[in-house]
Amino acid sequence: MFDSKTRTVVIVGAQWGDEGKGKLVDVIAERADWVVRYQGGANAGHTVHTGERSFVLHQIPSGILHSGVRCAIGNGVVLDPDTLFKEIDELIADGVDVQGRLYVSDRAHLVLPYHKLVDSLSSASKEIGTTGRGIGPAYEDKIARRGVRVLDLRHPERLRSLIEKAVKHANAVLTAFGVDQRADVDSTIALLERLAPRILPITDDVGLVIHRAITSGASVLLEGAQGSLLDVDHGTYPYVTSSSTTSGGAAIGVGIAPTAINEVLGIVKAYTTRVGNGPLPTELPEAEGERMRKLGNEFGATTGRPRRCGWFDAVVVRYAARVNGLTGLAVTKLDVLDSYEKIALCTGYKVDGEIYTEFPGDPVALDDAEPQYEWMEGWRTSTADARSWNDLPSAAQKYLERIRELVETRIAYVSVGTRRDQILSVG
Ligand code: GDP
């Protein structure tokens, strides 16, 4: 992935998240100097199987599993300081050396206990199907200019007045919900007083650090969380996350120029999944969905929730390719389709008798969308040991080639299992 011309690469989910970004970041990070997370919070969960062990990372970039790589959490992330240190301590206990390799942006906003309280008691959050980790309320505070940033921890008096203002607002929201629970200033301050001595030493101006790294020729991987169809602007609003998951968000969420980005790799499953509510045009009926869910082990890494499953939707991925400017695709979980006799690809939607081949923004059109399928032969043999394009059965090659044509983007990687070595790069 990295060469003399390609120094800054974005990895972005090109469906509804859970595409296997963690594995691709893990594989590509081997040759990176820096891996930086640019949005989202502890609602993301990347699962990485290194062979002998597996790790679930929520906030720390997957690059941390490679000893030579430095990692940063960008300003676009909303940082839960409490769970960050739990994650750090677990990594240390597992023998991963984190010391001196993890940096946190001074401008990142904090997710605090009152955000989690509001999120967990909000009926709107339940309707969207959020993880209840306070991410939405923290981004709301950020946009409403009521947020608390990492750099505020340097100034205890200022911190107290910011927390007082934010807690007052959270309590007004809780009162409006008609619940008894209330947020509390002192316990929030006590938590931050306990954590500040650990956060401040790893705090830096991440935008500047990464800018300097890029200008000195370092290889930098920018790691997205969730997926393009969950982007607050470009996703299936309102069933979206609260941040810009697409590649434009990478520049903003790290604090570098968009022109510094050389490549954008879109990660897609060989089929489609979605967790939580909202449109999913290719969703399979229950029994068929259950088969795919079991084969793909489609249960959330953060919440264990079963994911909704469907065939590959080329309309969705073509849209993601356009919005992100994808320069390549990594197709993951091809092995999950190994036992199917026939495999469907969605090439368009029929809405009120009209065929759509471009993804519509209107949720009413999506509700009525009848997927138009092209059926392809399955390969009915294991792909788990394939390590090059020529090792793949010809029916699998045809399936991938059709995806490439429909999405109009080259396929750079194909992943055929959970392990690090179960991947092939396509020349
Ligand atoms: P992420 O948030 O995009 O990193 O995705 P998740 O970690 O939620 O889900 C990806 C899951 O799929 C993890 O458990 C991975 O180990 C697994 N996975 C990744 N690539 C493959 C693959 O090619 N085949 C199979 N069977 N599993 C994979």
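FYI, side chains are in, hydrogens and waters are out, and symmetry mates aren't considered; it's all heavy atoms of this structure. Indexing begins at 1, ligand by ligand and atom by atom, following the structure's order. No experiment lies behind these values; they were computed from the predicted model shown.
- At the top of the distance list for atom 7 (O) of ligand 1, counting protein heavy atoms only, stands Thr47 N, 2.8 Å.
- Looking at ligand 1, you'll find an N or O of Gly417 within less than 3.5 Å of one of its N or O atoms.
- Ranking the protein heavy atoms by distance from atom 2 (O) of ligand 1 puts His46 ND1, 3.0 Å first.
- Regarding atom 6 (P) of ligand 1, its nearest protein heavy-atom neighbour is Gly45 O, 3.9 Å.
- If you number the atoms of ligand 1 from 1 as listed, the ones under 4.0 Å from a heavy atom of Ser415 come out as 20 (N), 21 (C), 22 (C), 23 (O).
- Annotation: Trp34 is in aromatic contact with Tyr103 [ring centroid separation under 6.0 Å].
- Judged by distance alone, the side chain of Thr332 and the main-chain N or O of Glu19 form a donor-acceptor pair under 3.5 Å.
- For atom 16 (O) of ligand 1, the closest heavy atom belonging to the protein is His49 CD2, 2.8 Å.
- In terms of modelled atom types and a separation under 3.5 Å, the side chain of His115 and the main chain of Leu112 share a donor-acceptor contact.
- Closest to atom 27 (N) of ligand 1 by heavy atom, among Lys23, Gln226, Lys333, Glu19, is Lys333.
- For ligand 1, none of its N or O atoms has an N or O atom of Gly17 under 3.5 Å away.
- Nearest non-hydrogen protein atom to atom 8 (O) of ligand 1 is Arg307 NH2, 3.1 Å.
- Not counting sequence neighbours, the partners of Arg420 by the side chain to side chain contact (heavy atoms under 4.5 Å, CB included) test are Asp26, Thr50, Leu65, His66.
- Among Gly300, Ala384, Ala225, Gly22, the residue whose heavy atom lies nearest to atom 4 (O) of ligand 1 is Gly22.
- Nearest to atom 9 (O) of ligand 1 by heavy atom, out of Asp18, Ile11, Asp338, is Asp18.
- Residue contacts with ligand 1: Val336 is placed with no nitrogen or oxygen under 3.5 Å of a nitrogen or oxygen of the ligand (distance criterion only).
- Lys142 places no side-chain N or O within 3.5 Å of a backbone atom of Gly76 that could act as its donor or acceptor partner.
- The shortest separation from a heavy atom of Glu223 to ligand 1 is not under 4.0 Å, leaving the residue out of contact.
- Of all the atoms in ligand 1, the ones that sit under 4.0 Å from a non-hydrogen atom of Val416 are 23 (O).
- Judged as a ring-ring contact (aromatic ring centres under 6.0 Å, His included), not a single pair has a partner in residues 242-276 (not counting sequence neighbours).
- The only member of Lys269, Arg293, Arg305, Arg308 that meets side-chain hydrogen bond (donor to acceptor under 3.5 Å, both in side chains) when paired with Glu298 is Lys269.
- Of the N and O atoms on the side chains of Arg274 and Thr236, at least one donor lies less than 3.5 Å from an acceptor on the other residue.
- At a threshold of 4.5 Å between non-hydrogen side-chain atoms, the residues Val12 and Ser228 count as touching.
- The protein non-hydrogen atom at the shortest distance from atom 26 (N) of ligand 1 is Asp335 OD2, 2.8 Å.
- Using a 4.5 Å heavy-atom cutoff, the side chains of Leu102 and Ile60 are in contact.
- Of the protein's non-hydrogen atoms, the one nearest atom 10 (C) of ligand 1 is Gly20 CA, 3.8 Å.
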